Amino acid sequence: MRLFGEYTGIAFQIKDDLFDYGSGQDIGKPTGLDIKEKKLTLPLIHALQQGTQERPTVDGGRGEEQERGQQSRGPFGRSRDPSKGIAHASKCMYGYRDKALKVLRGFPASEARDSLEGLVQLTVERTK
């Protein structure tokens, strides 16, 4: 059950990190806070690793491009693609969901197990 808790908790945190890249509508918290606070979350780390050799900015896009009067592309730097980081983080989140469900399926079917499976599903499908 310790592993179940760890896997579910990691999936929950990744989902929370993904909310930071949402539209901010009806999720219950403002978006972009992790970036503004310079927190390196899984989506951002992956996007930075997959980008070009340019130096990434994690300061809301206030780097060389702003000094030269060019438009900023946000925390991913000039040629970073946030969708790569978001897709990677989503894949990881579902992987942890699957690991948690696999742990549960090692126990006999019961109302308690069904409830815990529902908790795991809620963790990754939540909208707030």
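This is a predicted model, so every value here is computed, not measured.
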Let me confirm one number: the [atom1]-[atom2] distance from [X] to [Y], rounded to the nearest 0.5 Å.
X: L18; Y: S90; atom1: CG; atom2: OG; value: 4.5 Å
X: L122; Y: L116; atom1: CG; atom2: CG; value: 12.0 Å
X: F12; Y: L119; atom1: CZ; atom2: CG; value: 9.5 Å
X: T8; Y: Q121; atom1: OG1; atom2: CD; value: 10.5 Å
X: D17; Y: I45; atom1: CG; atom2: CD1; value: 8.5 Å
X: Q49; Y: L44; atom1: CD; atom2: CG; value: 10.0 Å

Restricting to non-hydrogen atoms, name the atom on [X] and the atom on [Y] that form the minimum distance, rounded to 0.1 Å.
X: I86; Y: P43; result: N-CB, 4.2 Å
X: K15; Y: V124; result: NZ-O, 3.2 Å
X: L104; Y: R113; result: O-CD, 3.1 Å
X: A11; Y: R97; result: CB-N, 4.3 Å

Count the heavy atoms belonging to other residues, nucleotides or ligands that lie under 6.0 Å from CZ of F4, then report whether that count exceeds 12.
-> yes
Give the C-alpha distance, both sets of side-chain angles, the deciding distance and a yes or no for side chain to side chain contact (heavy atoms under 4.5 Å, CB included) between E117 and R105.
-> CA-CA 9 Å; E117 287 177 1; R105 292 185 182 130; 3.8 Å; yes
Minimum side-chain heavy-atom gap R126-D16 below 4.5 Å =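 SC-SC contact between R126 and D16 confirmed.
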Can you say whether the rings of Y7 and Y96 are parallel (under 30°), tilted (30 to 60°) or perpendicular (over 60°)?
->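 Judged by the thresholds at 30° and 60°, the geometry between Y7 and Y96 is tilted.
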